[in-house]
Amino acid sequence: MAWYVAGTNVSTCDGSEAVWKTEYGPAQTVPLSGIYKCQGCKREVTSNEGDRFPPQNHHQHSAAQGSIRWRLLVWTNTSGN
């Protein structure tokens, strides 16, 4: 779970855009800067647009957790607007 200081510093959306529903695998290119959560084990990573997600050996899952799948949790405003 991502933490933040105050709700006045956070914008919300309804999550209907595809960017909130798309999952990414290890070492894929990060589409947007933000915090991503692994859908299997719930770990979070901060990733920058254009970089790559952590590689497969970043952390391991049990069979019950399935494959490593990153999904956007917090979309960061890197434009300053």
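- Distance CD1/Ile68 to CG/Asn57: 8.5 Å, rounded to 0.5 Å.
- Between the OG atom in Ser47 and the CZ atom in Arg52 there is a gap of 12.0 Å [rounded to 0.5 Å].
- How far CZ of Phe53 is from OG1 of Thr29: 9.0 Å, rounded to the nearest 0.5 Å.
- Classified by interplanar angle (parallel below 30°, tilted 30° to 60°, perpendicular above 60°), the ring pair Trp70/His59 is perpendicular.
- Heavy-atom minimum distance, Val45 versus Pro54: CG1-CG, 4.0 Å.
- Connection of Tyr24 to Leu73 is not established within any shared hydrophobic cluster, with ILVMFWY side chains joined at heavy-atom distances below 4.5 Å, either directly or through further cluster members.
- Listed for the Glu44 side chain is no donor-acceptor partner under 3.5 Å among the backbone atoms of Lys42.
- Smallest separation of non-hydrogen atoms from Arg71 and Thr22: CG-O, 3.7 Å.
- Of all heavy-atom pairs spanning Cys41 and His61, the tightest one is SG-NE2, 3.4 Å.
- Here the CG-CG distance, from Leu32 to Asn77, works out to 11.5 Å after rounding to the nearest 0.5 Å.
- By the criterion of side-chain heavy atoms lying less than 4.5 angstrom apart, applied directly or through intervening Ile, Leu, Val, Met, Phe, Trp or Tyr residues, Val74 is not grouped with Val19; the two fall into different hydrophobic clusters.
- Between Glu49 and Pro31, the shortest heavy-atom contact is CG-O, 3.3 Å.
- For the pair Ser33 (side chain) and Thr76 (backbone), a donor-acceptor distance under 3.5 Å is absent.
- Using a 4.5 Å heavy-atom cutoff, the side chains of Tyr36 and Val30 are in contact.
- The two residues Pro26 and Pro55 come nearest to each other via the heavy atoms CB-C, 3.8 Å.
- Taking CZ of Arg43 as the reference point, atom SG of Cys38 lies at 8.5 Å (rounded to 0.5 Å).
- Scanning both residues, Trp20 and Cys13, for their nearest heavy atoms gives NE1-SG, 3.3 Å.
- Rounding to the nearest 0.5 Å gives a distance of 13.0 Å between CD of Gln28 and CZ of Arg69.
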